[in-house]
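Given the structure is predicted, the values throughout are model-derived calculations rather than measurements. What's counted below: heavy atoms across the whole structure, side chains too, no hydrogens, waters or symmetry copies. Just so we're on the same page: letters track the sequence lines, and every chain starts at 1.
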4 protein chains.
Amino acid sequence: MIMFIKIELNSDTPIYMQIYDEIVKAIASGDLKEGTVLPSARKLAANLGINFHTVNKAYNLLREHRFLLLNRKKEFVVQRSRDEKFMEKLKDQELKLFEEAIAKGFTEKEILNMLQNVLKRQKKSEEL
Amino acid sequence: MIMFIKIELNSDTPIYMQIYDEIVKAIASGDLKEGTVLPSARKLAANLGINFHTVNKAYNLLREHRFLLLNRKKEFVVQRSRDEKFMEKLKDQELKLFEEAIAKGFTEKEILNMLQNVLKRQKKSEEL
Amino acid sequence: MIMFIKIELNSDTPIYMQIYDEIVKAIASGDLKEGTVLPSARKLAANLGINFHTVNKAYNLLREHRFLLLNRKKEFVVQRSRDEKFMEKLKDQELKLFEEAIAKGFTEKEILNMLQNVLKRQKKSEEL
Amino acid sequence: MIMFIKIELNSDTPIYMQIYDEIVKAIASGDLKEGTVLPSARKLAANLGINFHTVNKAYNLLREHRFLLLNRKKEFVVQRSRDEKFMEKLKDQELKLFEEAIAKGFTEKEILNMLQNVLKRQKKSEEL
DNA sequence: GTGGTCTAGACCACC
DNA sequence: GTGGTCTAGACCACA
């Protein structure tokens, strides 16, 4: 299995976080389907030219957040869990973000516009 | 000046975070207007029956995020900054949140519904 | 033999775990008696509309934990083993859980209340 | 600040887990009170004769589970969060454990006896 | 092979 | 000083 992950070594976001984000993005866009077995942490690390532990940390974080599971063959496999607790957390986070934006002086319309732009951008990447 | 802040001592969110959230909410809802001088950290702490440092931590975090500024008298004052960097950060955060939601298996419609519900809830508290 | 197992495809707990839990529950409640031959993994999988491997994983985990055994005909059979090692493990787990609860600030009374509620709920399902 | 933690290097439970358990136990018994600053990961590691990362892993796990928080001075501090979500999780775990015990053939009385013994043991260590 | 764990040494930003 | 992060190399149990 071939993984296309771009890593910016000189970014301010940690490498393991970049891997995390890229895999979530790939699941969201449909590039990684449910049941897909990810390359082993060691192989992906070799491909990216980084350390095994860095990839391992990303994989374990993804497992904690239920984007991956470890099967009995000790492979990391993509799952789409749809847990409702996540949605509740998301709601709380969004409420807090909106309050901050409005406290900053942005209007509801501006926020909605921004949200729609972001969703459009997301949808495009899904269609490619 | 009197501050109405509700603190849940038995919550799982830290107290300083609760103060932070409550003040942002008060600015968003219009209860706290630009230029309002907040009560000193010591007074608010006494009113809430909590430690001075806890309030101080919340105030400093709010200043860092440009919701408050420290005037010559060393008072914390409400400001509405409208900084565009915040909007950019917000976009990135929203994009990441949406990707996680979609990776979890939620549809675009479900997410939009959730967002509209959250905005409605927010608007109501603004009108009260 | 007919098995009544409810599977929530959109749950956050893995399906094989749900099957595991349901079978343990059925043994505890008396619905599945010692010596009962379970339907083959293939049949159960077909009935539930899920993958054969998922059921197989659950069955093997149950055998590992001595709730099932594999007879000469390679059928999975219910057994009630009463092994004391399990009780020892259980004690250790309970001790750790209690320590966590007390460290969280819950009182002994609260914990006892919770335990009695849980046992009552358990007993009711046994009587049905 | 002096920490009394016993580590079994030749145990089958990972060292970071032993540290985790010992600290939870210390909070439960009252040896570690809310607000207590833990020794730095580096110092504790030196005292125990183990690696910094091992202690760090334990500390971060404790923070994730809300037994510790990282203050603005980057110190790990004991907190007693009393979050209700924990109690809900605990209930589910207990229910599952009871079902397993009953499925094994243990009676309700035996389980209650065991639980009371464990609670007594816990209470004693709290009083010392 | 795999991931889980532990060790060791390094640089960073923050205070 | 602190924790956060990354690298490097090692041993283990498991399958």
Side-chain angles (χ1 to χ4, degrees), chain A residues 1 3 5 7-23 36-64 67-79, chain B residues 53 56-57 60-61 63-65, chain C residues 53 56-57 60-61 63-65, chain D residues 1 3 5 7-23 36-64 67-79:
Chain A
M1 206 241 125
M3 289 276 296
I5 288 186
I7 298 299
E8 293 260 358
L9 291 174
N10 296 331
S11 165
D12 56 342
T13 58
I15 296 176
Y16 79 87
M17 235 346 153
Q18 293 182 44
I19 297 173
Y20 178 99
D21 291 341
E22 289 289 320
I23 289 177
T36 303
V37 176
L38 291 185
S40 81
R42 282 191 166 79
K43 280 185 184 165
L44 182 54
N47 282 347
L48 296 175
I50 60 176
N51 192 280
F52 151 73
H53 293 100
T54 307
V55 178
N56 206 22
K57 191 170 181 178
Y59 276 12
N60 275 303
L61 200 56
L62 286 159
R63 181 176 53 162
E64 246 176 59
F67 291 108
L68 301 181
L69 59 83
L70 198 59
N71 66 14
R72 65 182 177 292
K73 295 181 197 165
K74 299 261 187 182
E75 297 164 327
F76 281 99
V77 181
V78 174
Q79 70 171 341
Chain B
H53 294 292
N56 210 21
K57 189 170 177 180
N60 277 306
L61 198 57
R63 185 178 53 160
E64 245 179 58
H65 293 184
Chain C
H53 295 291
N56 211 21
K57 190 171 178 179
N60 277 306
L61 199 57
R63 184 179 53 161
E64 245 179 59
H65 293 183
Chain D
M1 207 241 125
M3 290 275 297
I5 289 185
I7 298 299
E8 293 260 357
L9 291 175
N10 296 332
S11 165
D12 57 341
T13 57
I15 297 176
Y16 79 89
M17 235 347 152
Q18 294 182 44
I19 297 173
Y20 177 98
D21 291 342
E22 289 289 321
I23 289 177
T36 303
V37 177
L38 291 185
S40 81
R42 282 192 166 79
K43 280 184 184 165
L44 182 54
N47 282 347
L48 296 176
I50 59 175
N51 192 280
F52 151 73
H53 292 100
T54 307
V55 178
N56 207 22
K57 191 170 180 178
Y59 276 12
N60 274 303
L61 200 55
L62 286 160
R63 181 175 53 162
E64 247 177 57
F67 292 108
L68 301 181
L69 59 82
L70 199 59
N71 67 13
R72 65 182 176 291
K73 294 181 198 165
K74 299 262 188 181
E75 296 164 328
F76 281 98
V77 181
V78 174
Q79 70 171 341

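- Once you apply a 4.0 Å limit to the heavy atoms of chain D, the touched nucleotides of DNA chain F run 5' to 3' over F/dT2 to F/dC6.
- Taking the nucleotide of DNA chain F with the nearest heavy atom to each of D/Asn56 and A/Leu9, the more 5' of the two is matched to D/Asn56.
- Of all heavy-atom pairs between A/Leu38 and A/Val78, the closest is CD2-CG2, 4.3 Å.
- The distance from atom CG of A/Asp12 to atom P of E/dC14 is 11 Å, rounded to the nearest whole Å.
- Minimum interatomic distance between A/Leu69 and A/Arg63 (heavy atoms only, all atoms of both residues): CA-CG, 4.5 Å.
- With the 3.5 Å cutoff on both pairing distances, Watson-Crick and G-U pairs in DNA chain E assemble into runs of at least 3 at E:1-14 with F:1-14.
- Between the CD1 atom of D/Ile23 and the CG atom of D/Leu68 there is a distance of 6.0 Å, given to the nearest 0.5 Å.
- The residue among D/Ile50 and B/Glu64 whose nearest nucleotide of DNA chain E lies closer to the 5′ end is D/Ile50.
- A/Tyr59 and A/Pro39 make their closest contact through OH-O, 2.9 Å (heavy atoms, listed as atom of the first residue, atom of the second, distance).
- A 6.0 Å sphere centred on CD of D/Glu8 holds no more than 12 heavy atoms belonging to other residues, nucleotides or ligands.
- For the residue pair D/Leu61 and D/Met17, the shortest heavy atom distance occurs at CD2-CE, 4.1 Å.
- Note that the CD1 atom of A/Ile7 and the CD atom of A/Glu22 stand 6.5 Å from one another [nearest 0.5 Å].
- Between the NZ atom in D/Lys57 and the CD1 atom in D/Ile15 there is a gap of 11.0 Å [rounded to 0.5 Å].
- Along DNA chain F, the nucleotide nearest A/Lys57 and the nucleotide nearest A/Phe52 are compared for position; the residue whose nucleotide lies closer to the 5' end is A/Lys57.
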